[in-house]
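Each chain gets a letter, A, B and so on, in the order the sequences are listed, and its residues count up from 1. The basis for the numbers below is simple: all heavy atoms, side chains too, and nothing from hydrogens, waters or symmetry mates.
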Amino acid sequence: MDQTRYILSRLGQSLLALFCIITITFFIARLAPGGPFNDDKAVPAHIQAKMEAYYGLDKPLPVQYIKYIGNLLTGDFGSSFGNKGFTVAEVIAQGAPISLAIGLGGLLFALAIGIPLGTLAASRKNTKTDYFSMSFAMLGICIPTFVVGPLLAIFFGLRLGWFNAWGWFQPTDWILPSLTLGIYYGAYIARLTRGGMLEILGQDYIRTARAKGVSQFNILFGHAFRGGIIPVVNFLGPALAGLISGSFVVETIFGLDGLGQHFITAATNRDYPLILGTVFFYAVLIITVNFLVDLLQVWLNPRLRAARA
Amino acid sequence: MIPKFLFLSLTLASLSFSSCSKTSRVAEATANKHLLLANGSEPKALDPALVSAVGDANIMRALFEGLVANHPSSDTIVEPGVAESWSSNDEFTVWDFKLRKDAKWSNGDPVTAGDFIYSYHRMLHPELASPYASMLWFIKNAEEFNREEISDFSKVGLESSSDHDLRITLKNPAPFFLQVLKHTSWLPVHQPTIEKFGTMTDQFTLWQRPGNHVGNGPFKLDSWKINRSVEVTPNPHYWDRDIVKLKKISFFPIPNEYTEERAFSDNQVHNTYTVAPSLIPFYQKHHPELIKIEPYAGSYFYRVNVNQKPLDDPKVRRALALAIDRKSIVEQVTLGGQIPATAFTPPSETGYSPDPRISHDPEEARRLLAEAGYPGGKGFPEINLTYNTQDSHRNIAVSIQDMWRRELGIGTINLLNQEWKVFQATIIDEKYDIARAGWIGDYTDPTTFLNMWRPGETNNNTGWANEVFAEALESASYLSDPNARFEKLREAENILMDDLPIIPLYWYTRVYLKHPDIVNWDPLILDNHPYKHIDLVSASEQKN
């Protein structure tokens, strides 16, 4: 019963958050100077006025807002101003799978890089291996994706010729973009894993296990690991959201037609419906992921359950 | 600054060790006659009445054909399109077009004179709100219809006596009218298709989707994936289909110039849309056979707000213009072989060249500034030099700021960068002192550069309203003798250059990378290549 009430209240909070996000985005987007129909060559005023009327932009802002929310409730996100003739739903449906694919791929790389590196560093604390691993992690966090991306494209794409340096044609084309995204989060996860593992490795039961002659491997993976990666599990929610929504740079570098590009170009084009559509999509995604992570934590940890009940 | 430098050096490094170990996509595409074109940004639409960007027009030329067409290697020669022949009266005001009987839409329907009248009616219809409707204002009463001053379309100068005879009556003599007709705004659309998916004036209906789209060009729409590609394949009903050599064209939107360079180095595309200035010297040194630098009908300049003190004084404007060393800007900043501007209209094959009125003359600039009351720049108020956020614009602005300080002693110029749409609004509202601008000609005639400076024109935005200038243009528009007309236009341009509501900087070039497999792609001042003539032949076969 408590569980159900908790879930319902979280659901209510999520919907309220979503509503606030949409409302704020709607008005902020309109505050920016310039409009969707300003272009390289200015069009005569009477044509500008007709275009605005055609899209209902001549109406007072509150009227437009109410109309937008009304349409949203019926599942209508409107039509894009920048990609003319396409509805916002179509644009998102076309771009989202690609962003999701490289985002999930990025998460796989991040875990595959971060957890072994962090565990290794923790098990060889304050040795050269530790310093080397953590320097590498620091580097991964510090070097921005717009440097890592071209570097990978040049090395694995142009020099070694293993992958395409650009485009989305073959199944292997997700590897370099995902790796670019994964390195940053992998570096972060390595640091979290090291911290988590060190905390557990310092505990009494580990000392007891060592005293009983349990092998280093068994200590690390049999005894310490489950507790050691809790910080990583907590980080997965924000990481996944960041991976999926933060792909603009990577999409630009590798020429992918994902949603990240639309997220940015909608704003620069003053494509109001698409700005709202992408913000809505990402908001739902992030809220859902956080919600699931919360549920997971409650399920995993009886103490949390008691505290909330 | 540092990441940008890294970015650049990495890109440069990429070139030096690119390898050919894998089967190249370009080699395969060449063998299949599949042209892979980097085309700048994503098209806004695939409807000739509703596009305005240069990249969009590139796709339109594959999908549609107007009355006349572009020549593959000449800017002035007019190729027949749907019209197989044409004639005009001596005044160049009444034009008769004889339409070929075998012209077909991609669904097999014949292309008729009625289709053109329908298309121009739609284009000019105020409710469609076409951004480029003003290109059709050459037609008698077209502007009035577009502005809703008349509602009877039959008063507009378009008539057909049969399916294959089209007469266009113009407002004023236009000896250059055939050049205007090459523009995308004059392309026809298929009435039954438009009206199957909406009314004549509905914008952006489903008619422009693959499967629905009907055109009359050498190619037809095969697929359109947003931000990925537009693909076209030969139109089996095209009247001149035997000349079409390509089996497919893919237009890729690649807005980032470093990304497209990597795609080109990786043999993923046959060309690039542009080249980052910082990469130009590298290609010129190591791959001169790949980089193309060609004259382009565009002018880079600064707008000056003539209502703003002290810029309301023509002497101040001239002083600022003469203090700029344009040669050093093109040689050290833009690097793309641009031509230092001596007037506004770029010279072209049309026969028109403006009188050189602007040069680098710091001596005279200092004298004028002193005359205007600011000797040695003393007392010159603070003004803003505004540009849209982009490295190349900033670099030019920085050098000009420096030249004005060095030559004129003006140290009160602030650089102000604005995001593109904000910048657009600033210009339209005339809330600037000096602002960066560029203008690309729509057709090869000086009026495409000069008309915009008439009082109250949409793209004037300088506050400059000179009646003498307007009268010179007006009287030129009644002249049917090309030479007399050019003489009058030159007179108008001289007025513009004496008063200087704008400071011309340089004339554009097209800088891009081109794979040697592309055949029949020659320099054109408007860069409007007719795809039906283009072929792909691997470099080794070309030698045989």
Look at the side chain of B/Arg228 and the backbone N and O of A/Gly167, then say whether any donor-acceptor pair between them is shorter than 3.5 Å. no

Okay, B/Trp439 and chain A: the region with an atom under 4.5 Å from a heavy atom over there is side chain

Keeping B/Lys421 on the side-chain end and A/Gly35 on the backbone end, is there a donor-acceptor pair under 3.5 Å? yes

CH2 (B/Trp224) and CD (A/Gln94) are apart, to the nearest 0.5 Å, by 10.0 Å

Atom of A/Gly85, atom of B/Gln208 and distance for their closest heavy-atom approach: CA-NE2, 3.8 Å

Can you tell me if B/Asn459 uses its side chain to pair, donor with acceptor, with the backbone of A/Ala42 under 3.5 Å? yes

Tell me, out of B/Arg209, B/Glu260, B/Glu457, who's got the most heavy-atom pairs with chain A below 4.5 Å. B/Arg209

Where on B/Thr201 is there a heavy atom nearer than 4.5 Å to chain A: the side chain, the backbone, both, or neither? backbone

Select, from B/Asp429, B/Asp202, B/Ile428, B/Leu128, the one with the greatest count of heavy-atom pairs under 4.5 Å involving chain A. B/Asp202

If you measure from CD1 on A/Ile154 to OG on B/Ser265, what distance do you get to the nearest 0.5 Å? 8.5 Å

Neighbour count >12 (heavy atoms, 6.0 Å) for atom OH, A/Tyr188: no

Of all of B/Asn461, B/Ile440, B/Leu50, which one pairs up most often with chain A through heavy atoms under 4.5 Å apart? B/Ile440

Chain B heavy atoms under 4.5 Å from A/Gln48: which part of the residue, side chain, backbone, both or neither? neither

Name the region of B/Asp47, side chain, backbone, both or neither, that has any atom closer than 4.5 Å to a heavy atom of chain A. neither

Check whether any side-chain N or O of A/Tyr54 sits under 3.5 Å from a backbone N or O of B/Gln203 as a donor-acceptor pair, and report yes or no. yes

May I have the step-by-step check of side chain to side chain contact (heavy atoms under 4.5 Å, CB included) for A/Phe169 and B/Gln268, ending in yes or no? CA-CA 10 Å; A/Phe169 304 107; B/Gln268 303 280 346; 3.9 Å; yes

So, B/Asn256 side chain and A/Thr252 main chain: donor-acceptor pair closer than 3.5 Å or not? no

Please indicate whether A/Phe132 has more than 12 foreign heavy atoms, meaning atoms of other residues, nucleotides or ligands, lying under 6.0 Å from its CZ. no

Structural part of B/Thr426 lying under 4.5 Å from a heavy atom of chain A: neither

Please state whether the rings of A/Trp166 and B/Phe252 are parallel, tilted or perpendicular, taking 30° and 60° as the class boundaries. perpendicular

Taking the side chain as every heavy atom from C-beta outward, state whether B/Trp137 and A/Pro44 have any pair of such atoms under 4.5 Å apart. yes

Honestly, the part of B/Gln418 sitting under 4.5 Å from a heavy atom of chain A is neither

Step by step, work out the side chain to side chain contact (heavy atoms under 4.5 Å, CB included) result for B/Ile226 and A/Asp257. CA-CA 7 Å; B/Ile226 308 170; A/Asp257 47 338; over 6 Å; no

Taking side chain as C-beta onward, heavy atoms only, is B/Thr259 less than 4.5 Å from A/Glu251? no

If you count heavy atoms of other groups shown closer than 6.0 angstrom to CZ of A/Arg191, is the number above 12? no

Contact class of B/Asn146 relative to chain A, heavy atoms under 4.5 angstrom: both

Heavy-atom proximity to chain B below 4.5 Å, by part of A/Phe86: both

Applying side chain to side chain contact (heavy atoms under 4.5 Å, CB included) to A/Asn164 and B/Asp266, what does each step give before you reach the verdict? CA-CA 7 Å; A/Asn164 288 333; B/Asp266 196 28; 4.1 Å; yes

Of all the heavy-atom pairs spanning B/Ala425 and A/Gly34, show the shortest one and how long it is. CB-N, 3.8 Å

In Å and rounded to the nearest 0.5 Å, what is the CZ to OH distance from B/Phe204 to A/Tyr55? 4.5 Å

Is any side-chain heavy atom of B/Lys44 closer than 4.5 Å to one of A/Asn83? no

Any side-chain heavy atom of A/Thr265 sitting closer than 4.5 Å to one from B/Glu42? no

Is B/Ile254 close to chain A through its backbone or its side chain, or both, or neither, when contacts mean heavy atoms under 4.5 Å? side chain

Tell me, side chain or backbone of A/Ile143 under 4.5 Å from chain B's heavy atoms, or both, or neither? neither

Decide if atom CZ of B/Phe197 counts as having more than 12 heavy atoms of other residues, nucleotides or ligands within a radius under 6.0 Å. yes

Side chain to side chain contact (heavy atoms under 4.5 Å, CB included) evaluation trace for A/Lys50 with B/Glu148: CA-CA 12 Å; A/Lys50 287 278 181 199; B/Glu148 294 184 276; 3.3 Å; yes

